[in-house]
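Worksheet: one structure, shown below.
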Amino acid sequence: MCGIAFALGGETTKALLFAERANRLLAHRGPDGEGIFQEKQVVLSHRRLAILDLSEAGAQPMQTEDNRYVIVHNGEIYNHLKLRNDFLPHVTFRGLSDTETLLLLYVHLGEKMLQHLVGMWAFAIWDSKEETLFVCRDRYGQKPLYHRRSPDGALLFSSEIKPLIEDQEHPLMNETAVVEYLALGNYGHLDNQTFFKEINSFRQGHYAKIKAGDGSFKEEQYWRLPKIKEKDKRPFDQELRSQLESIIEEAVSSQLLSDVKIGATLSGGLDSSIVVGAMAKTKTTSTPVFTAQSANSKWDESQYVKAVEEKWSTDKIDLHWKELNQTSIADHLVHYITVQEEPFGDPSIMAHGFLIAMAKENGVKVIVGGQGADEVFFGYESMIASLLSRGIRKGHWSWVKEN
């Protein structure tokens, strides 16, 4: 997690002040370094959390040797070493960072590079010759990026909403989002809208090429979730199970490339249990694993956490526990509201925050987790009825009886 902010157009002095203020407000995202680049109508700022190539060769904003292109990047490109071999074998690199790979790949392929990237990202690349800013966000929107137009016409972008709101400003609310949230509990479904009227989220799976002086920009979709036709669906037999296992192990191992200590979170759900298991199979050393449980509550998944620990043993898993019963949510609520910036509907966000704090206390800088995959693996009890009813509709009576 790094922090990026950038501005295109408007008054140069105000743009620089925006970048400097953004770096102060985003300091928690990147305690390992900061930098600002300004030229003509653009300013790019970066707060660094050093994961790959801890040297100055990985510092940002990062420029090409001819100074034509400059990048700020938040995220990680998991296949960046493969991309170097496949597309840039003739290039002499200054360092080992994935940001340098990303920058030079854009020089080589332009926006066509997006189809080859594996990872999570939000980045901006300024082309000083063409005076264009290339902005992109990853396929699933794992890395945040927000934008707003300032009163002087500048386009402002940031990893968080805070830098986009002026000191002492009382921003207008997005009434639709607020009313739906309060009345129905809905949130996060209004496309690129936020709870703030004048602030939008850059769309996931999109990029934009913005010419200096343009008053607006259009996001271009480069990826969408594929729709699987009924005729292309396959039975989940042993062959497919083996394929899935290999894919998961490959995906997890690709995310273990790091120059700092890596750990994992474990809720007891299917998703995090699978990820921790894949790490245990892949790594030769013990992995620090962090879990937070409410003992003897209906949300207590301690038995599943212990089952994972027993399967892989302490040689593979160094388990750290936190009892949520001993923690007051009220004591931390204001902090997490400030961090989240917008309303949220799941207190597990706070439990996850406690885990990250534990990881930091134990010197772990990178966490691999399973957030969002329980849905893929039907890990919730509420999904059982839909699974069984689907089996009945398909006439799979023996499967329904077995399950």
Side-chain angles (χ1 to χ4, degrees), residues 1-9 22 37 39-46 60-64 68-80 82-84 86-88 97-149 154-161 163-164 188 190-194 199-226:
M1 180 177 72
C2 295
I4 61 174
F6 44 98
L8 184 65
F37 169 90
E39 176 186 274
K40 298 178 183 176
Q41 297 189 65
V42 71
V43 60
L44 308 170
S45 65
H46 186 263
Q60 300 180 48
M62 183 183 293
Q63 289 181 264
T64 53
R68 174 176 172 176
Y69 300 93
V70 57
I71 185 175
V72 285
H73 167 223
N74 169 34
E76 186 172 351
I77 310 302
Y78 303 132
N79 65 332
H80 89 99
K82 184 177 186 302
L83 293 173
R84 289 190 178 196
D86 291 350
F87 297 103
L88 305 167
S97 73
D98 54 336
T99 300
E100 188 178 8
T101 306
L102 194 58
L103 176 60
L104 296 181
L105 196 65
Y106 179 75
V107 174
H108 183 63
L109 295 177
E111 59 263 34
K112 292 180 180 178
M113 73 172 181
L114 298 175
Q115 61 186 293
H116 303 291
L117 301 182
V118 177
M120 51 183 179
W121 64 83
F123 66 83
I125 299 176
W126 170 248
D127 181 344
S128 60
K129 182 179 179 181
E130 298 292 335
E131 293 192 341
T132 58
L133 188 67
F134 183 79
V135 183
C136 184
R137 194 169 175 217
D138 64 63
R139 296 176 180 90
Y140 292 99
Q142 289 175 272
K143 288 302 172 185
L145 187 63
Y146 301 93
H147 60 90
R148 182 187 191 182
R149 181 172 300 284
L155 288 171
L156 308 178
F157 294 80
S158 175
S159 293
E160 295 183 7
I161 292 174
L164 301 178
L190 296 175
D191 191 24
N192 67 334
Q193 296 181 47
T194 71
I199 298 175
N200 289 324
S201 176
F202 194 90
R203 289 181 172 90
Q204 62 196 51
H206 284 69
Y207 72 87
K209 213 167 190 177
I210 314 170
K211 186 76 174 176
D214 284 355
S216 61
F217 65 91
K218 181 182 178 182
E219 295 160 322
E220 303 285 345
Q221 188 169 28
Y222 66 88
W223 184 86
R224 59 171 48 87
L225 192 67

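If you're wondering where the values come from, they're calculated on a predicted model, not measured in any experiment.
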Query raised in the report: Can you list the steps and then say if Phe123 with Leu103 is a side-chain contact (heavy atoms from CB on, under 4.5 Å)?
Result: CA-CA 10 Å; Phe123 66 83; Leu103 176 60; over 6 Å; no
Query - Stepwise side-chain contact (heavy atoms from CB on, under 4.5 Å) check, Tyr146 with Asn200 - result: CA-CA 6 Å; Tyr146 301 93; Asn200 289 324; over 6 Å; no
Query raised in the report: How far apart are the C-alpha atoms of Leu105 and Leu88, what are their side-chain angles, what is the distance that settles it, and do they pass the side-chain contact (heavy atoms from CB on, under 4.5 Å) test?
Result: CA-CA 7 Å; Leu105 196 65; Leu88 305 167; 4.2 Å; yes
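Ile199 and Thr194 make their closest contact through O-OG1, 2.7 Å (heavy atoms, listed as atom of the first residue, atom of the second, distance). In this structure, Ala122 and Ile4 approach most closely via the heavy-atom pair O-CD1, 3.4 Å. Looking at every heavy atom in both residues, Leu156 comes nearest to Ala7 through CD2-CB, 3.5 Å. Taking every heavy atom of both residues into account, Arg84 and Ser97 meet most closely at NH2-O, 2.9 Å. The two residues Ser45 and Val72 make their nearest non-hydrogen contact at O-CG1, 3.7 Å. Here the closest non-hydrogen pair linking Ser216 and Ile210 is O-CG2, 4.5 Å.
Ser158 places no side-chain N or O within 3.5 Å of a backbone atom of Ile161 that could act as its donor or acceptor partner. A side-chain donor-acceptor contact under 3.5 Å links Gln221 to the backbone of Trp223. Panel note: side chain Asn79, backbone Val118; a donor-acceptor pair is recorded below 3.5 Å. A distance-only check finds no donor-acceptor pair linking the side chain of Asp191 to the backbone of Gln193 [under 3.5 Å].
Screening Lys209, Lys211, Lys40 against Glu131 for a salt bridge (Lys or Arg N to Asp or Glu O under 4.0 Å) leaves a single residue, Lys40. With Tyr222 as the fixed residue, the side-chain contact (heavy atoms from CB on, under 4.5 Å) test singles out one of Gln115, Lys112, Arg139: Arg139. The side-chain contact (heavy atoms from CB on, under 4.5 Å) test with Trp121 is passed by exactly one of Asp98, Asp138, Asn74: Asp138.
Annotation: the span from Cys136 atom SG to Arg203 atom CZ amounts to 14.0 Å, rounded to 0.5 Å. Between atom CE of residue Met62 and atom CG of residue Leu102 there is a gap of 9.5 Å, rounded to the nearest 0.5 Å. Note that the CG atom of Leu145 and the CG atom of Asn192 stand 11.5 Å from one another [nearest 0.5 Å]. Distance check: Ile71 CD1 to His73 NE2 gives 6.5 Å after rounding to the nearest 0.5 Å. With rounding to the nearest 0.5 angstrom, the CD atom of Gln60 is 4.0 Å from the OG1 atom of Thr99. Once rounded to the nearest 0.5 Å, the distance linking OH of Tyr140 with CG of Leu225 reads 5.5 Å.
Taking the ring pair (Phe, Tyr, Trp, His ring centres under 6.0 Å) definition, one finds that His206 meets it with nothing, sequence neighbours left out. Residues satisfying the ring pair (Phe, Tyr, Trp, His ring centres under 6.0 Å) criterion with Phe202, sequence neighbours excluded, are absent altogether.
Side-chain N/O atoms of Ser128 and Arg68 include no donor and acceptor closer than 3.5 Å. For Ser201 and Arg137, the side-chain atoms include at least one donor-acceptor pair closer than 3.5 Å.
The closest side-chain heavy-atom distance from Leu83 to His116 is below 4.5 Å. Taking 4.5 Å as the limit, every side-chain heavy atom of Ile125 sits out of range of all side-chain heavy atoms of Leu133. In this structure the side chain of Phe87 never reaches within 4.5 angstrom of the side chain of Leu104, judged on heavy atoms.
Taking the ring centroids of Tyr207 and Phe134, they lie under the 6.0 Å cut-off. In this structure, Phe37 has its ring center no closer than 6.0 Å to that of His46.
In this structure, Phe157 and Phe6 have parallel ring planes: the angle between them is below the 30° cut-off, well short of the 60° mark.
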